[in-house]
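For reference, the structure is listed below as structure tokens.
Letters A, B, ... are given to chains in the order of the sequence lines, protein chains preceding strands, and every chain is numbered from 1.
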Number of protein chains: 2
Amino acid sequence: MNIGEASAASGVSAKMIRYYEQIGLIRAAARTESGYRVYSPSEVETLRFIRRARDLGFSVEEMGTLLALWQDKGRESADVKRVALQHVVKIEKRIQELEGMARTLRHLAGHCHGDERPDCPILDDLATISETAKAAPARKPALRGRH
Amino acid sequence: MNIGEASAASGVSAKMIRYYEQIGLIRAAARTESGYRVYSPSEVETLRFIRRARDLGFSVEEMGTLLALWQDKGRESADVKRVALQHVVKIEKRIQELEGMARTLRHLAGHCHGDERPDCPILDDLATISETAKAAPARKPALRGRH
DNA sequence: CTTGACCTTCCAATAGTGGGAAGCTTTACC
DNA sequence: GGTAAAGCTTCCCACTATTGGAAGGTCAAG
């Protein structure tokens, strides 16, 4: 199997397969005499694993962890479960953030006429000195009071 | 006001202020004789607008649109509302995707013992030829049936 | 043998932000 | 006035994950 066939069979683009090889997520494929990459069914299975993990939102780094666990026949299922649940927590946090944004925007849009008149509470609010910002980031040394 | 003060007053890092200037999102700031950027209160207000929009998940490009609308005193509020609601749709779509991932992962984790035993349905599932994938992307010409 | 799909490597770009180096300016303090 | 430190300047690099393209070699089919 060459890279194009492995790509079609796994759902991972040839570009990405080469990239994953380059960064060491997967081992370098064998080559034909002319330099073409060759994939075995088991390597294609690995690529499918990767695509599935990617579709579930795992980062390349996390995929590396999962692959190592997958290939370690003696690992404890608790290790895998922990990685999965940590990822769920991250996803849920992101969902919370997005829901906050959507809620705010829907609220603002709900107060906007949405007609030909120019006044718009959405823009008014965006321009407001509101403190919806992220928790005050640790401030640096302190500014020299010059103005 | 120099860039550090404008940054503290707006919540946008100095790095990003320079970046936004570079890509043309904001106009180039005036300079002192020695080359320091100088910001007026109205420019700081613009930066706050930007930070607020960014916190709501707008891309740089969308922020450009919103800024133009904000500065166009004659625009119709419908234009603004449309941009906002389009963004809400995008956010909601992303939430759906993330919820699908979290649901799948929670389901898988729920079937994993999570103890010292090595067997784990999470990995088993990831390795499975499942078609949870994204809708089949338009396939190219077709592979030469060689294997 | 030509054609065209396929493979190879290498380089660039995306979005948004952070980090840092080298060097000048400003301010605080003694 | 001199010095130290904090700011500023530009420039370049890194990150994630992915795509795109160019230049050139290879393979199968006609």
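By the side chain to side chain contact (heavy atoms under 4.5 Å, CB included) test, A/Ala9 pairs with A/Met1, A/Val44, sequence neighbours left out. Among residues two or more places apart in sequence or in another chain, the side-chain hydrogen bond (donor to acceptor under 3.5 Å, both in side chains) test is passed with A/Ser42 by none. Take B/Glu61 and apply the side chain to side chain contact (heavy atoms under 4.5 Å, CB included) test, not counting sequence neighbours, and it matches B/Ser59. Residues passing the side chain to side chain contact (heavy atoms under 4.5 Å, CB included) test with A/His107, sequence neighbours excluded: A/His111.
The side chain of B/Thr32 places no N or O atom within less than 4.0 Å of a non-bridging phosphate oxygen (OP1 or OP2) of C/dT25. Between B/Arg31 and C/dT25 there is no side-chain polar atom (N or O) within less than 4.0 angstrom of OP1 or OP2. Distances shorter than 4.0 Å separate some side-chain N or O of B/Arg37 from OP1 or OP2 on D/dT9. In this model, the phosphate group of C/dG16 is not approached by any side-chain N or O of B/Arg54 to a distance below 4.0 Å at OP1 or OP2.
Comparing C/dC7, C/dT26, C/dT9 by their nearest atom to the side chain of B/Tyr36 picks out C/dT26.
What separates CD1 of A/Ile3 from C1' of C/dT8 is a distance of 10 Å, to the nearest Å. Atoms CG (A/Leu47) and P (D/dT18) sit 13 Å apart, rounded to a whole Å. One interatomic measurement links the two molecules: CG of A/Asp55 to C1' of D/dA17, which rounds to 13 Å at whole-angstrom precision. At whole-Å resolution of the value, CG in B/Asn2 and C1' in C/dT27 are 12 Å apart. Taking atom CE of A/Met1 as the reference point, atom P of C/dC7 lies 11 Å away to the nearest angstrom. Atom pair B/Ile50:CD1 and C/dA15:P shows a separation of 16 Å (rounding to whole Å applied). Distance B/Met16 CE to D/dC15 P: 19 Å, rounded to the nearest Å.
Heavy atoms of other residues, nucleotides or ligands lying less than 6.0 angstrom from CZ of A/Arg31 number more than 12.
Side-chain N or O atoms of B/Ser7 include none that pairs as donor or acceptor with a backbone N or O of B/Ile3 at under 3.5 Å. Judged by distance alone, the side chain of B/Glu5 and the main-chain N or O of B/Asn2 form a donor-acceptor pair under 3.5 Å.
Near-neighbour residues of DNA chain D inside residues 58-69 of chain A, defined by a heavy atom below 4.0 Å, number-ordered: A/Ser59, A/Val60. Using a 4.0 Å cut-off on heavy atoms, the residues of residues 17-25 of chain A that approach DNA chain D are A/Tyr19, A/Tyr20, listed by number.
Residue B/Ser13 is in sugar-phosphate contact alone, with no base atom involved, counting any heavy-atom pair closer than 4.0 Å across all strands shown.
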Without placing hydrogens or testing angles, list every side-chain donor-acceptor pair under 3.5 Å for residues 82-94 of chain A, not counting sequence neighbours.
residue : atom : partner  : partner atom : Å
A/Arg82 : NH2  : A/Asp79  : OD1          : 2.6
A/His87 : NE2  : A/Leu56  : O            : 2.9
A/His87 : NE2  : A/Gly57  : O            : 3.3
A/Lys90 : NZ   : A/Glu62  : OE2          : 2.5
A/Glu92 : OE2  : B/Arg106 : NH1          : 2.4
A/Arg94 : NH1  : A/Glu97  : OE1          : 2.7

Please list every donor-acceptor pair under 3.5 Å in which a side-chain atom of residues 13-23 of chain A meets a protein atom from a residue at least two apart or in another chain.
residue : atom : partner : partner atom : Å
A/Ser13 : OG   : A/Met16 : N            : 3.1
A/Glu21 : OE1  : A/Ala29 : N            : 3.3
A/Glu21 : OE1  : A/Arg37 : NE           : 3.0

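Residue-to-nucleotide contacts include no donor-acceptor pair under 3.5 Å from the side chain of B/Lys15 to the base of C/dG16.
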